[in-house]
Every structure is written in C-alpha cells, then in structure tokens.
Amino acid sequence: MSVLHYRDVGVNFGGVHALHGVSFDVQSGHVVGLIGPNGAGKTTLINVTTGVVAPTTGSVTLDDMPLSGRRQYQIARVGVARTYQNIRLFPRMTAIDNVVVGATRIRHDPDLGAFVFLPSVRRARIELQEHARYLLHRVGVPRDEWDTVASVMPYGSQRRLEIARALAMRPRVLLLDEPAAGMNPAETANLQALIRSIAKEDVAVMLVEHDMPLVMGTCDQVAVLNFGELIATGTPAEVSRDPAVVEAYLGSEALP
Amino acid sequence: MFDQQLANGIFLGAVYALFAVGYTLIFGVLDILNLAHSAIFMASSFVALALVRHGVPFWAAFLAATMFGGALSVVLDRVAFAPLRARGVGGGALGPLISSIAFGIIVVSVMRGIFGPDEIGYPSGSVPTANLHLGHASFTAMDLSVLLVSLVMMILLSLLLKATPLGRAIRAVAENTKAASLLGINVEHTIGLTFLIAGALGAAAGILIGAQFNAVGILMGQRIELKGLAVIILGGMGSIPGAVLGGFLLGLLEVFSVAYLSSSYRDAIAFAVMFLILIVRPSGLLGKRAGRTA
Amino acid sequence: MSAALLHVDGIHSGYGRIEVLHGISLEVREGELVSIVGANGAGKTTFLLTLSGLVRTRSGSAVLDGKRLSGLRPHAIVARGLIQVPEGRLILAQMSIEENLQLGAARTPAAERRAAIDSMYERFPVLGERRVLPAGSLSGGEQQMLAIARGLLARPRLLLLDEPSMGLAPKLVDAIFSIIAEVRATGTAVLLVEQNARKALALADRAYVLERGRITLSGTGSELLHQPAVVEAYLGSHA
Amino acid sequence: MRNITRVLIATAALGGTLAAATGAGLAASHPDLKWTAIFDSTGPAGAYGTSQKNALELAAADIDAGKIESGGQKISIDIQDSATSPAQVINIMQSAFGNGTSLIVGPTLSSEAFKADPLAVKANVPVMGVSNTANGITEMGPCVFRNSLSEAQIVPDVIEAAKKSWHVKTAAIIYGDDDQFTKADYTIFNADLPKAGVKVVDVETFHKGDVDFKAQLTKIKEAKPDVIVYGALYAEGAKLLDQARQVGLHGHEIGGNGFNSPQIIALAGKAADGVIVGAAWYAGAETNGNAAFVKNYTAKYSKSPDQFAAQAYAGAQIAAAAVKKSHPADAAGMCSALKQVGSVQTVIGPFKFASTRDADAHGFVVQIKNGTFSKFE
Amino acid sequence: MEWLVHFYALHSKLIDQVGINAIFALSLSITLQAGHLALANAAFGGIAAYVASLLSIARGWPLSVTTLIGAAAAALVGAAVGWPVTRLRGVYLAIATIGFGEIALIVENNLSITGGAEGLSQIPNQTTTWKIYLVLAVLAFIFWRLRRTRAGWAIAAVREDEHAAASFGIDPTRVKFWTFVASAAIAGVAGSLYAHENFFIAPGDWGFSRMVDILVYCVIGGAASPWGAMLGAGIISLLPEVFRFLHDYRDIVNGVVLLAVVIFAPQGLAGLWARDRRGRKATPPGAAEAQGS
C-alpha cells in the first residue's frame with residue numbers, strides 16, 4: 001500500500017541539476033532511508049516534498065493527490081510533517097508549547113470558545129497538553145525540560161522535540177532530516193526504536209541520515225542519491241554491498 | 001516655463017541624490033535602515049555654519065564638518081549598531097531601526113541645546129550667491145555646486161567601490177561577512193570605514209543644502225529623511241547609481257507634478273510612487289535584492 | 001621537516017551550548033599534505049572554522065610557526081598565513097572573477113600583484129577567459145578553482161581546504177585533486193578535509209580520522225587507506 | 001500565578017513612575033499668586049516658544065522689580081515646556097490646577113489650546129492666550145482670553161494698504177497647507193482679497209520643512225500676479241523670498257503673520273526688502289515702553305525680540321494691570337479682574353478686551369526696509 | 001480615599017493618556033507578535049478618529065457607535081493596504097507602511113471635510129477614564145485568551161519561525177494579513193478615544209513622530225508581549241513628567257534610555273522578567289541567539 005510517490009522528479013537551480021529523474025515510492029508503515037554524500041540532493045528532495053521548492057520536472061503525489069504546485073502550509077495540512085537538518089524549533093516557546101503548535105491544524109474546537117471559557121475548549125486544551133506530554137515522554141525529552149524554552153534545551157532534546165512536534169500533527173508522512181546529528185550512541189539507539197514504533201502506526205517515514213548504523217538498523221528500504229540521481233535502491237544489506245554506493249561515499253582511490 | 005521647471009527638477013533631484021547616496025550605502029552593506037543619517041546630515045550642517053561664523057572660509061569649514069560627520073557616523077556605528085551586530089541581531093530586525101532612531105533623538109537634542117531652535121543662515125558673502133542663466137532657466141551658483149558635487153561624489157564613490165582595495169573589501173563584506181573574514185578582511189574595521197564614508201557623504205549633503213538654501217535648522221533632516229526613503233526605494237535599496245537616478249527622478253516628478261497637477265499633492269505623489277514600487281518591484285529600478293517573502 | 005608548522009593542542013569548541021570538538025590535537029609539518037577524514041557531522045568543518053577564528057576556541061591552542069593563533073580575529077589569522085578555502089567555496093558571486101582574485105591578493109605587494117594574478121589565469125585558463133564576469137556565473141567546479149586560486153594568492157603558509165570535491169562530478173573531482181597535488185608540489189603545506197576519503201588518503205602524507213569530535217586514528221595516508229576502521233567510520237559496521 | 005506576578009511587577013513599576021512623576025507637584029508650596037505659563041521651548045514649535053519663554057522671564061523679573069506694576073502683589077510665574085505635545089500641555093495644566101494656579105498663560109499653538117483650554121474652563125481657571133490666532137479660541141469658555149490678534153483682524157488693513165499704495169488687481173497665494181497659522185493666512189486672504197476687488201489668479205501650497213519652492217514660484221511667475229501673498233512661517237518664508245528672486249520674481253509681496261519675525265530678515269537678507277506684513281507688533285513701534293523692552297530683551301538674550309515675545313510680554317503687562325486694579329486672590333478673582341481690566345498701555349500698544357474676550361485692537365501694517373520693520377507708508 | 005479623589009482630579013488626563021497610549025501600543029503589539037514591523041498605526045488611528053469625530057459632530061451618536069464605525073473604517077482601509085504590503089519582508093514592509101502614513105496625512109490636510117491643517121474642533125468630549133480602561137481591559141482579556149486559541153498559536157509560531165510554522169499547516173501570509181487588519185482596527189479604537197478625549201484633532205496628531213512614540217512603547221516594554229506593550233506605554237507616557245526637571249535636556253535622557261534598552265535589554269522590560277523566570281538556569285549569555293539563528 002504505497003503512499004508517497006516520486007515520479008521523475010527533477011530540480012534545476014540556475015542551470016545546476018540538484019535532482020534529476022528521481023522516482024521511487026514510500027509505503028506507509030515503512031521506513032525508507034535516503035542516503036548519499038553531501039550535496040547529493042537529499043534535503044532538496046525533502047524541500048520538494050514539503051513545497052519549499054517547486055520541482056522543475058516530474059511530480060510528487062500523496063496517494064492520488066498531487067503535492068507539487070501546492071504551498072508549504074497546504075501540503076502540511078494533508079499530513080506531511082518534517083524535521084529540520086538545522087533544528088528549527090520555535091525558540092522562545094516551551095517544549096510543550098512547541099508540541100501544541102504542531103497540533104494547531106488538527107484541533108477543531110471553536111476559537112471563540114476560549115473567550116467565553118467554554119468548558120469543552122478548556123477540556124480540549126487540557127487534552128492537547130496531555131497529548132503533548134505523552135509525545136514528549138514518548139520521544140524521550142526529560143520531564144524537567146518540558147517547561148523550558150526550546151532555545152536553552154540540550155541539543156539532543158531539541159532534536160527529539162522536533163520529532164514530537166512533527167508527531168503532534170498526526171502525520172501520514174514523516175520526513176526526518178538528520179535526526180541523529182549530534183546524538184551519542186545511546187541516544188541514537190533510542191531514536192532507532194522510536195522511528196520503528198512511529199512507522200508501526202501506519203506512518204510512511206523517510207529518514208535522511210549520515211549515521212549509517214542507524215540507517216542500516218532502522219530502514220526497510222534505502223534509496224541512495226548521488227549528484228541528484230538515484231543510484232541504488234534496495235534493502236540496507238543490498239545497498240551497502242553495492243559497489244556504486246561504496247564508491248559514491250568513499251570515492252575512488254585512483255589518483256589522476 | 002518648461003525650461004525653468006526642468007532645471008528646478010534637476011537641481012532638486014541633485015539635493016535628494018546627495019542625501020540618499022550615504023543613506024543607501026549603509027543599507028547596501030549592512031541591510032540596516034539608518035534613521036540617524038538625517039541627524040548627522042543636520043549636525044554637520046550646523047558645525048560648518050558655526051565655523052563659517054567664526055571666520056573660517058566656507059571650503060575649509062566644509063572639509064572640517066564633513067570629517068566631523070564621518071566621525072559622528074563612526075560613533076553611531078560603535079554605539080548603536082556594533083553591540084547589536086556582536087549579538088548576531090540581523091539588519092531586518094527591529095533593534096537597529098530603534099537604536100538608530102534613539103541615536104538620532106540624542107544628536108538632535110544635543111544640537112538644539114547648543115544651537116537653539118531657530119533656523120540660522122550663513123553670514124552674507126560667505127557663500128556664493130550669484131544667479132546664473134542657461135536658456136530660459138535661471139539658477140544659483142550653489143544650485144550648480146550641489147549638482148556638480150552630487151555627480152562627482154557619485155562617480156568617486158562608484159570608483160572607490162569598483163576599483164580600490166577598500167571598495168572591494170566593502171563589497172565583499174556586503175555580500176558575505178564570513179567569506180570576507182576568511183579573505184583576511186577586517187570586517188569590523190571595514191564596516192567602520194563604510195560608516196565613515198556614509199557619514200561624510202551625509203554631512204557634505206547637509207552642509208551644501210544648508211548653504212544652498214541659506215538655512216540651517218534642527219528640523220532640516222526630518223523631511224528629507226522620508227523623501228530620502230522614497231528615493232532609495234525608487235532607485236533600489238543599496239544601489240549607489242540607483243540612489244542618484246532615484247533622486248533625479250523624484251526631483252523631476254515632484255516639480256512636474258507641481259507644474260502640471262497641483263502642488264498640494266506633490267508629496268503624496270512621491271510617497272505613492274514609493275508605495276507602488278514596493279508592491280510592484282521591491283528591488284527598485286536598479287536594485288538586486290528582492291523584498292518579498294518567498 | 002621535523003619542526004611542526006601547525007601545532008594543535010587539545011582544542012575544544014562548539015556553538016552555543018553544544019560542544020562539537022572534544023580536544024583535538026594534531027600537527028602539520030612544513031610542506032606536508034595532511035588529510036582529516038570522517039563522516040558528516042564528525043566536526044571537520046568546525047575544526048577548520050575554529051582554526052580560522054570564526055568559531056571561538058574554548059580551550060586548547062593552535063600555534064602556527066611558533067605564534068599562537070587562538071584568540072586572534074579571523075583577519076589577523078589570515079595575516080599570519082593560515083588561509084582557508086571554505087566549504088561551499090564562498091566565492092563572492094556578485095563580484096567579478098578578477099575582483100575575487102584581487103581580494104585574495106590584497107596582502108601581496110602591489111608591484112607583484114598583477115603578475116601573481118596573471119599566473120593564476122595561466123594555471124586556470126578558464127578563469128582568465130571570463131575574468132570580467134560575475135563569479136556566480138561559473139559552474140561548481142570552476143567556482144572551486146576560483147576559490148583555490150584566491151586562497152593561493154594570499155600566499156599561505158598553510159592552506160586549509162574544506163571539502164573541495166563536494167558536489168562535483170567525478171571528472172571534476174579528479175581535476176581538483178590534481179590541483180591539490182600541484183599545490184603540495186610547490187612546497188605549500190596543506191590541511192585537507194574530505195569526505196572523499198579514499199582520494200584524500202591516497203594523496204596525503206599523513207592523515208587523521210575524526211569521529212564525533214575526537215581523533216580516533218592517525219597514520220600515514222597509505223596505512224589508513226586500507227584500514228577497515230576507516231570504512232566503518234563512514235558506513236558503519238554493516239559494510 | 002505567573003501572570004499575577006507580572007501584573008504585580010507592572011503595577012509596581014507604573015506606580016513608582018507615577019509617584020515620581022507627581023511627587024514634585026504635590027510637594028510645592030502656594031505663594032500669594034501663582035501663574036503658569038506653558039510654551040513650547042523644545043519640539044517643532046520651539047522657535048516660537050523660546051521667544052515667549054524669554055519674554056515672560058523678563059516680565060517676571062520686571063514685575064518683581066516693580067517695573068511692571070502689580071499693586072505690590074507678589075506673583076510667581078512658573079514657565080513650563082510642553083515640547084509641542086498637546087498631551088504635555090494637558091498634564092502641565094492639570095498639575096497647575098492642583099497647585100492653585102490662578103492664570104494659565106499660553107499654550108503656544110492654537111491646536112494645543114483647543115485640546116487643553118477646555119480643561120481650564122472646567123476648572124474655572126482663566127487662560128490668557130498670547131499667540132493663538134485661530135478662530136474660536138475665546139469661545140471655548142467665559143474665562144478664555146487672548147491678546148494676540150487673529151489674522152481676520154489684521155488682514156483687511158493689509159489688503160487695503162496694498163491696494164492704496166500699489167493698485168493691485170491680481171494676486172497669487174502660496175501657503176503651507178499642513179500648518180494652522182499658514183493655512184489660516186490662506187483662508188482669510190483668499191476670502192478677503194476678492195472682497196476688496198483683487199482677483200486670486202493662482203494658489204500654491206507647500207509642506208512644513210520643505211526647502212525648495214522653485215516649482216511653485218515658477219508657476220506663480222507664469223500667472224503674472226500684481227502681488228504675491230505668502231502664508232509661511234519664517235523658516236520657509238525666508239527661503240520663499242530668496243527663491244522668488246532666483247526665478248525672477250521682483251514684484252510686490254505681502255507676508256502673513258509668520259513673516260513678522262526678525263528671523264526672516266536675518267535669513268533672507270535683501271530678498272526680504274519691500275515685503276509688507278500685517279503685524280500685531282514690530283520692534284520700531286512707538287508704543288509705551290517698547291523701546292526699553294526691545295533694549296532689555298536684546299541685552300539679555302543677545303537677539304532681538306519678535307512678535308511672539310512682545311505679545312507674551314504684553315500678556316504679562318495686562319494680567320499684572322488686572323491684579324493691580326482688582327487685587328484678586330484666586331483663579332475666579334483673576335478671571336473677573338481680567339474682565340474689568342479696561343484699557344492697558346502695553347508694548348503692543350493701548351490694549352483692551354472686547355466683550356468676546358478677544359483683543360479689541362488694531363495691528364500695524366509694516367514694511368521690511370533696509371533690514372528692519374518700519375511703518376508702511 | 002480623599003487623597004485618591006484629589007490625585008485623580010490632578011492627574012485624570014494623564015491617566016487617560018496612559019490608557020489611550022496603551023491601546024495604541026497593543027495595536028502595534030499584535031503585528032509585532034506575528035513578527036512583522038508595520039508602521040501605519042498612527043495613520044489608522046487618524047482615519048478612525050476623523051470618521052468617528054465627524055459622525056459624533058454631525059449626528060451626535062454615542063461614543064460606542066462612532067468608535068465602532070471608525071474602527072471598522074480603519075480595518076477596511078487596513079485590509080485594502082494590507083493585502084499587498086503584508087507580502088513584503090522586514091524593512092520593506094516598514095517603509096511601505098511609513099509611505100502609506102504620509103499619504104494619509106496629505107489627504108487629511110487637503111480634504112475640506114477634515115478641516116485640513118486647521119483641524120477639527122468641538123468634538124464632543126465623550127471619552128472618560130472608565131471607558132478607556134474598559135476598552136483596555138477587554139483588549140487585555142482578548143490578548144490573554146488569544147494565547148489559548150489556534151489563532152494565537154499560529155501568530156506566535158509565525159513570529160518564532162515563519163518557515164517552520166508553514167510546515168505545520170499555518171499560512172504565514174494569512175496570519176500577517178489578519179494581524180495587520182486587527183492592528184488597524186485596534187489603532188482605530190485608540191484614535192477615536194483620543195479624538196473624543198481631546199476636543200480637537202488635526203492631521204499633525206497622526207504623523208511619523210506619533211508612530212515612533214507607539215513603536216517606542218512596544219520596544220521598551222518588550223516587542224512581542226502585550227503586557228510589555230502596555231507597561232511600555234505607561235512608563236513612556238510618564239517619562240516626560242518624571243524628567244520634567246531636566247527641562248531642555250529631557251530628550252537626551254529619553255534617547256539614552258531607549259538606546260540602552262535596545263542594547264542591553266533587547267526583549268524589553270517584559271523580557272527581563274521572562275529571562276529571570278526561565279532562562280537563567282544554565283545559559284551563557286548569547287547562547288539562545290546563537291542557537292536560534
């Protein structure tokens with residue numbers, strides 16, 4: 001049951017091919033790793049998916065709904081959530097507030113209710129905060145940091161908070177851009193379990209990551225980009241044996 | 001009448017261009033809207049006048065007050081902008097806008113304390129007042145000097161930016177401070193020199209305009225500050241040729257709106273053009289940056 | 001050859017509350033090409049930025065030619081002869097190629113400047129052909145050449161190269177590496193940071209492997225080239 | 001809880017500032033008779049307010065020294081700066097009421113008077129306007145007085161004089177359309193010129209702070225009027241005269257109220273020669289004590305007094321005369337004393353209030369000649 | 001109690017001014033809360049003040065009705081202007097709105113219905129202290145409750161990071177547009193109250209210097225906090241009274257205070273407590289900014 005389809009996606013930045021003819025699918029319940037050397041086009045692909053960058057060619061569809069051509073916020077509203085390579089939390093909001101904002105679009109309680117102290121609104125808010133606490137707990141942000149403003153939280157907590165905020169949207173697709181950057185091995189191991197458990201809830205997860213053990217241990221499928229082109233797809237084991245992939249990462253030994 | 005109005009427009013445009021060049025330089029380099037520029041403009045004008053009144057010849061007073069303006073501008077940078085820069089506050093933020101307003105308030109009130117609230121003029125005979133004629137148009141020697149000086153300053157500044165090591169350093173800082181640092185450019189020093197140049201240009205504008213209209217007053221910066229904004233938006237924020245082009249365009253536009261429409265709406269036309277440019281083409285006529293959100 | 005040109009001792013640095021480097025020590029000797037390899041996020045770029053003074057050194061020291069660099073402002077470090085060609089090249093796209101080179105040569109005596117720049121045009125004819133064009137009009141590989149040429153014009157005692165092959169097609173990568181080899185051949189010491197580990201190691205006199213802000217391995221280039229631990233640092237133990 | 005703390009801190013901070021703001025006022029003692037003058041010594045109208053402030057300081061010293069007679073009554077005059085901010089005029093006024101002030105002198109601008117005088121009316125404290133020229137000032141209340149002539153009282157004389165001496169048939173008006181004084185010049189001239197049979201052939205405007213008027217003046221030149229009427233304050237006025245010469249205008253000229261300032265001569269120099277101005281006062285006026293006033297003022301402040309200064313000084317003379325005559329003890333007494341003051345000899349000439357509490361006086365038509373104002377013949 | 005009555009009698013106008021300025025500050029605060037700098041509040045206040053005053057002079061309608069109509073007129077103009085300008089970024093938005101303010105002034109100076117520069121006098125004095133503070137209380141209540149609504153979250157998110165907000169389904173352009181319109185409406189309320197407080201209005205009441213005053217209230221108090229904005233309005237409105245003894249040098253002190261706040265307390269006075277409450281734990285100075293950017 002595939003969810004997210006990339007068909008012949010290409011992006012041109014002033015004559016430079018950032019992406020070229022990329023096609024693959026991401027199924028719900030699966031984690032697809034997107035790897036490749038720096039500058040290979042991984043973040044560009046995420047930006048195309050979320051509407052930050054418009055593809056020059058090809059299309060991205062969610063089920064049968066074309067995403068290309070929609071604005072960023074519209075794509076978010078159909079259930080595509082993301083985290084950022086350079087953490088982009090709401091820096092002066094507390095951890096809980098960050099998560100609550102993530103849920104802004106899925107709330108349906110009437111806004112005006114807040115002004116007349118409508119009990120249902122109050123309940124909804126309490127539920128929302130409960131849910132935020134649950135999510136923070138789930139991603140592993142320590143309890144004593146829940147009421148801290150995001151900008152002063154430890155780095156690893158910020159990374160986890162980004163995931164919690166994305167989950168608050170109840171996404172159908174979750175794009176994680178280097179979630180393990182700056183984490184230590186123990187934290188990375190927890191992250192692996194978390195990503196697996198998210199996928200289990202029928203979310204299609206795309207993981208961009210340089211931490212190979214994490215990618216290999218977490219993903220059902222791996223797609224490898226190099227110079228904007230998809231050079232390999234397959235299971236982690238298949239991909240890591242692929243000479244083209246090893247070459248892409250380590251380069252060839254031959255000197256000119 | 002057309003000849004005279006054309007001349008009026010060109011000379012008025014020169015005034016605007018002269019003011020706007022330094023204003024736009026700071027924006028081009030630092031992305032900062034420097035609302036204290038008009039205070040430096042005014043203060044230097046007073047300094048020149050005070051020197052002339054103490055018997056200093058006009059040209060010497062001009063040089064000294066220009067240097068004063070440059071120095072005051074460096075002080076402005078050190079006091080109002082450098083601390084914010086050190087904290088990583090960007091040009092688009094509220095901080096530099098307010099701190100420049102605050103610095104402007106301080107300069108204006110100090111000058112009022114020293115020189116009083118009255119407008120004062122140059123002692124007769126200390127500045128050239130000859131009336132000149134060209135075809136059907138008449139104008140004064142000071143009009144002509146302002147025009148020449150604004151053209152010369154624009155050319156010199158363009159040459160400085162284009163062809164000297166300092167100019168290259170300024171443009172490198174404007175484009176990317178990190179790259180500039182790695183090229184061995186002392187970024188803070190270069191920013192200081194940029195303020196020195198911008199301040200000297202603003203000062204020269206203030207001194208010449210004060211002499212041209214034979215009136216130096218505390219409030220002389222206020223009106224031209226907003227007009228100057230219209231000029232740099234019209235020309236493209238950060239663009240030196242744009243400021244000059246914008247200045248002359250606005251001068252002509254205003255004069256011909258008086259001549260053929262109504263003088264009541266002269267300023268409205270200036271600001272309406274600015275408003276429209278922002279909406280249709282925020283980068284102005286010659287600017288490179290886009291002002292719109294992605 | 002025995003005296004260290006650059007001596008780095010226990011440098012800690014990072015951004016805000018995050019410490020990225022946890023005590024880096026290494027050496028580069030006169031005329032040597034030293035590579036630092038390691039996965040993304042290991043701290044390679046942070047290390048170079050710390051050497052250049054753009055990231056503050058929290059503790060430890062870097063000494064070039066017997067003079068302490070840590071604590072100096074970036075332009076002063078450049079003046080001491082430590083020149084960096086940064087990641088992403090950071091050419092000044094709106095300025096012409098000639099102007100970019102002029103900026104690089106700003107510390108060369110005026111009399112020699114012209115000749116120095118012309119020699120770069122000879123070495124990189126593609127730059128000479130387009131000297132009046134904005135640098136932003138060059139392709140990625142050409143921009144990298146411009147960045148290296150600009151760095152060389154600053155007459156480095158030590159040239160730092162950060163990922164010079166990043167984002168370049170294989171043919172261009174080869175071209176860049178042959179330029180690096182030429183630079184070394186002229187006697188300029190080079191500290192090369194690369195993710196293209198195999199090429200970097202093959203070229204290097206000596207190399208260090210950086211993992212999570214620490215040096216985990218060091219040795220001659222050819223020693224490290226065939227160590228499984230190096231591959232592991234990149235692809236993990238599955239490979 | 002957080003919010004409560006916030007509110008508490010905010011209240012404390014506000015309260016502290018408020019206490020500091022008002023403390024000084026509450027502690028002041030009450031002298032025999034206290035007047036409060038409110039002028040704009042800083043702010044956009046600072047040039048006028050400073051003259052008023054100087055003149056009133058001089059008047060206060062003269063009352064103390066007995067040179068202005070107050071029947072032996074001690075009067076303290078508190079001169080406050082409103083920085084051309086109506087909000088501050090209002091605040092100064094309200095604190096003054098609490099301090100037992102018996103007369104408000106000022107404020108400088110009519111726009112401030114319109115906002116602040118109603119408070120004095122409510123508090124039954126009399127107001128003496130010494131520079132307000134707009135219509136409707138004294139109509140605000142039964143104790144609002146002014147000794148400044150409105151434009152309407154001066155302009156007809158000026159037009160009459162111009163017609164008689166110059167035989168003008170057409171006129172052009174240029175005025176500042178964003179200023180009360182200058183807009184009033186326009187309104188009155190534009191109404192009175194046709195009444196006197198003079199056709200208005202062109203009307204141009206400018207804005208406060210403008211420096212270049214050549215476009216408008218060139219257009220006026222095109223219309224070939226017999227006389228140009230300037231509705232401008234001195235700063236723009238001097239530039240207007242200067243630039244009129246530059247574009248080749250050398251005909252007859254009339255200046256509005258704002259032209260009655262030595263500054264215009266100082267700035268415009270010879271370009272000002274020949275302009276006639278309707279004035280409530282001029283330095284050469286042969287009125288009672290004027291020569292001494294001009295001499296003392298010039299000695300004390302190293303610049304000549306202007307109309308603002310003279311009217312402020314005259315205001316003090318009138319109020320002192322009222323004190324001398326009726327010995328008022330409080331604000332109510334001061335109001336009725338002013339109503340009964342009768343005719344007073346002042347530096348602006350013999351003065352009495354009309355039943356509307358406006359000045360019942362005539363101005364002078366003066367001409368700028370050789371760098372000074374003199375009577376227009 | 002008697003002291004209070006006496007105090008009020010002496011300072012009622014000052015108290016009213018503080019309240020009206022606080023409403024002006026709130027009107028700017030809402031756009032600042034959404035992270036954009038629009039500088040047309042004085043102009044919107046003026047538009048509403050003219051509309052409301054002309055109605056109350058001509059028809060004798062009560063303050064509540066004229067104020068609502070005036071605020072609606074300001075909001076309408078705000079919507080027409082806001083549609084194009086809220087797409088501009090940073091300083092360009094500021095300049096466009098300054099330009100709009102100047103145009104509004106020129107129009108007011110040239111219309112005959114506004115009385116031009118001679119102003120509009122004899123406006124019924126219907127504003128009273130309790131009405132001002134009732135409005136202020138209602139607005140404070142709305143701002144307080146707003147933090148609990150989706151709209152409130154969206155505003156805060158756009159301020160903190162426009163791009164990240166969009167990736168959670170919030171349309172930044174829409175948020176900026178509606179905060180701009182709301183800002184115009186609130187400024188309109190303040191303008192109408194001002195007109196009916198002061199008997200008289202003229203175009204000069206709504207110029208750039210008034211806009212700078214409003215901006216200063218918010219900056220001193222704390223740009224992104226409604227409480228800070230109100231506090232700032234209170235302190236700055238009282239500052240001239242506090243420093244009256246400095247006479248002609250008062251402005252210098254005002255300038256220095258403003259500069260000091262921008263440089264040493266960039267989050268304003270409200271930011272000073274916020275930092276005490278949360279941030280001081282372990283942050284080295286500057287860490288928050290370095291990381292946030």
Side-chain angles (χ1 to χ4, degrees), chain B residues 27 31-33 35 79-80 83-84 86-110 112-113 117 222 225-226 229-230 232-233 237 262 264-280 282 289-294, chain E residues 32 36-37 39 81 83-107 109-110 162-163 172-173 176 208-209 212 215-216 218-220 223 248-264 266 285-286 289-290 292-293:
Chain B
F27 188 86
D31 246 345
I32 281 176
L33 189 59
L35 290 179
V79 171
L84 297 177
R87 236 187 9 236
V89 178
L94 198 54
L97 194 73
I98 308 285
S99 61
S100 68
I101 290 176
F103 190 85
I105 291 174
I106 297 170
V107 171
V108 167
S109 32
V110 168
R112 182 174 25 235
Q222 281 184 4
E225 174 163 54
L226 294 179
L229 262 187
I232 60 181
I233 290 296
M237 280 182 93
S262 155
S264 308
Y265 285 94
R266 163 176 166 163
D267 288 355
I269 284 165
F271 292 114
V273 165
M274 171 176 115
F275 193 80
L276 285 180
I277 288 271
L278 278 171
I279 287 164
V280 179
R289 300 154 197 281
R292 229 172 281 195
T293 47
Chain E
L32 291 177
H36 55 137
L37 179 60
L39 298 177
V81 174
W83 186 251
V85 302
T86 48
R87 280 144 218 274
L88 296 170
R89 76 171 164 87
V91 92
Y92 290 88
L93 171 63
I95 296 170
T97 45
I98 290 173
F100 164 74
E102 290 297 311
I103 295 169
L105 274 197
I106 294 164
V107 171
N109 262 318
N110 282 290
E162 211 176 292
H163 184 88
T173 308
K176 288 182 174 186
F208 186 56
S209 60
V212 169
L215 183 60
V216 168
C218 288
V219 171
I220 295 276
D248 297 356
Y249 293 93
R250 205 166 53 182
D251 269 358
I252 300 179
V253 176
N254 287 345
V256 170
V257 168
L258 188 55
L259 195 57
V261 167
V262 175
I263 302 223
F264 299 111
E289 285 100 327
S293 59

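Proteins come first, then strands; the chains are lettered A, B, ... in the order of their sequence lines, and each starts at number 1. Values below: every heavy atom of this structure, side chains too, minus hydrogens, waters and symmetry copies. Computed from a predicted structure; not experimentally measured.
For the side chain to side chain contact (heavy atoms under 4.5 Å, CB included) criterion with B:Pro83, the lone passing option out of E:Val262, E:Ile263, E:Leu259 is E:Ile263.
Listed by chain and number, the residues in a side chain to side chain donor-acceptor pair (under 3.5 Å) with E:Asn109 amount to none (sequence neighbours excluded).
Scanning all heavy atoms of the two residues, the minimum distance from B:Ala102 to E:Gly255 falls at CB-O, 3.6 Å. Closest approach of B:Ile105 to E:Leu258, counting heavy atoms only: CD1-CD2, 4.4 Å.
Atom CD1 in B:Ile101 sits 11.0 Å away from atom OG in E:Ser209 (nearest 0.5 Å). In this structure, CD1 on E:Ile98 lies 6.5 Å from CG on B:Leu35, to the nearest 0.5 angstrom. Distance check: E:Leu93 CG to B:Leu278 CG gives 9.5 Å after rounding to the nearest 0.5 Å. Between B:Leu33 atom CG and E:Ile95 atom CD1 the span is 5.0 Å, to the nearest 0.5 Å.
Contacts between B:Ile269 and chain E at a heavy-atom distance below 4.5 Å are absent for every atom of the residue. Contacts between B:Val108 and chain E at a heavy-atom distance below 4.5 Å are absent for every atom of the residue.
Between chain B and the residues E:Val216, E:Val107, E:Asn110, E:Val261, the largest count of heavy-atom pairs under 4.5 Å involves E:Asn110. When each of E:Leu105, E:Leu215, E:Val256, E:Ile106 is checked for heavy-atom pairs under 4.5 Å with chain B, E:Ile106 comes out on top.
Under the 4.5 Å side-chain criterion, counting only non-hydrogen atoms from C-beta, B:Met237 is in contact with E:Tyr92.
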